[in-house]
Amino acid sequence: MTLLLPPNATIGLVGGGQLGRMSAMAAARLGYRCHILTRERDSPASQVAAAATISDYQEPEGLRRFAVAVDVISFEFENVSAEGLDLLASLKPVRPSPTILRISQDRVLEKTFLNQIGVPTAPWSQVEDCEALTTAAAKVGLPAVLKTTRLGYDGKGQITLRHRDEFGAAFAALSPKPLVLEGFIDFAQEISVVAARGEDGGYTAFDTVENRHCNHILDLTLAPARIPEPVDRQAQAIARKIADAMDLVGLLAVEMFVDRDGRVLVNEIAPRPHNSGHWTIDACPASQFEMHIRAIAGLPLPPAVRHSDAVMKNLVGPEETALWPAILAEPGLIPHLYGKVEARPGRKMGHITRLFPRGSLPGEFGVTAALGPAAPRATEP
Ligand code: AMP
């Protein structure tokens, strides 16, 4: 079905977090209204949107009330039940399609899909019980990472295993089952690509970026990634292959590892705006959020060009939120705060971006200096 959303139409966004907030801000600039479906009364997204439905994501009555009030439905959060997705899709166009959301909700479906289309991942095995864990470890080797198949994010729902005597406790600690065991990738770098694809197959992708995590939470994104040309080509080709194979209409983020031999392996995919694309708000004429809105609204997709190089740093938890006054006083830091009232440990509260002329992203010391009061967190061991 072709859909070209006219100005003043209403976009329904499932999820009330910062990704929904920044999508709603981009939508407003294009003359659209956003209606947010969220469980929270005062969510980051609903603070900047025209309307909100407060409901559980699985509750049919809430989903129905939301769907009837909007013209198209998209997501900043993909963990809606299969029945919920079917209900939404029976009432309004859902973009990206429920099939894509189902694949990205489940690590087993996701890895199976990726491997079937010839996209490499870490070696992996599904784990139903403790015995299967021993078999899986024999296949993928140790160390390995045991993960939940569903509902994991920011390192929640995963445990690194180094010895067999850790198996029982780790298996018991993670739920829901089944789990997935992945070979541990001794990566040289973590990178990602954010791409947009329209209903007509039009495609554009932002430059490959480098991501640094701390305690499994993204700390820094460097745009562009400092990677050899062949690695960049692999990463971009993988993103394109996945978007085309899924017949994506919307946005796709692909998180990848670069191993010590320069091979690119996919860690996970997300069919929505992504934290590693926040730099595009300040460094690109059309950000990932604008691309998201354009793709789901049926608008033309402009090339995802970058006018500047950028360093993006997340502001996580109470310690980094406390830096806010100092950040505001630092010339050249571009501040973004998400409107969350409580700065719990590990919670993403905002981010900052520093721009550089194209081609002049600084080296390690320069990156630290560029962030002023918000120094990078130590990278994990
Ligand atoms: P995930 O929740 O799967 O995105 O994992 C969060 C972070 O944990 C990744 O960005 C990596 O830093 C690390 N990680 C996850 N899986 C692996 C793996 N198989 N090998 C090495 N590091 C991993």
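Every number for a ligand or one of its atoms is a count from 1 in the order of the listing. These values consider heavy atoms only, across backbone and side chains, with no hydrogens, waters or symmetry-generated copies.
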Can you find an N or O of G183 that's nearer than 3.5 Å to an N or O of ligand 1? yes
Heavy atom of G157, distance to ligand 1 below 4.0 Å: no
Which is it for N211 and ligand 1 at heavy atoms under 4.0 Å: side chain, backbone, both or neither? neither
Between H213, Q158, K147, which one has a non-hydrogen atom sitting closest to atom 16 (N) of ligand 1? K147
Donor-acceptor under 3.5 Å (Q126 side chain, V180 main chain): no
Determine, considering heavy atoms only, which of E190, E255, R212 sits nearest to atom 11 (C) of ligand 1. E190
Among E182, M256, H216, E268, which one puts a heavy atom closest to atom 7 (C) of ligand 1? H216
Residues passing the side-chain contact (heavy atoms from CB on, under 4.5 Å) test with A304, sequence neighbours excluded, are T204, F206, M291
How about CZ on R41, more than 12 heavy atoms from neighbouring residues, nucleotides or ligands closer than 6.0 Å, or not? no
Counting only heavy atoms not in E131 (residues, nucleotides, ligands), do more than 12 fall under 6.0 Å from its CD? no
Looking at D165, is its backbone amide N or carbonyl O close enough to the side chain of H163 to form a donor-acceptor pair, meaning the two atoms are under 3.5 Å apart? no
Is A122 in polar range of ligand 1, meaning some N or O pair under 3.5 Å apart? no
Which of these passes side chain to side chain contact (heavy atoms under 4.5 Å, CB included) with W279: K313, R306, R354? R306
Which of the atoms in ligand 1, numbered in the order shown and given with their element, are less than 4.0 Å from a heavy-atom of N267? 1 (P), 3 (O), 4 (O), 5 (O), 9 (C)
Given N275 and T221, is the side-chain contact (heavy atoms from CB on, under 4.5 Å) satisfied, shown in steps? CA-CA 9 Å; N275 196 169; T221 295; 5.8 Å; no
With a heavy-atom distance limit of 4.0 Å, tell me whether R107 approaches ligand 1 through its side chain, its backbone, both, or neither. side chain
I'd like to check which ligand 1 atoms, numbered from 1 as shown, lie under 4.0 Å from a non-hydrogen atom of V145. 17 (C), 18 (C), 19 (N)
When you measure from atom 23 (C) of ligand 1 to each heavy atom in F184, F257, W124, which option holds the nearest one? F257
Taking T321 for its side chain and G317 for its backbone only, find out whether a donor-acceptor pair lies under 3.5 Å. yes
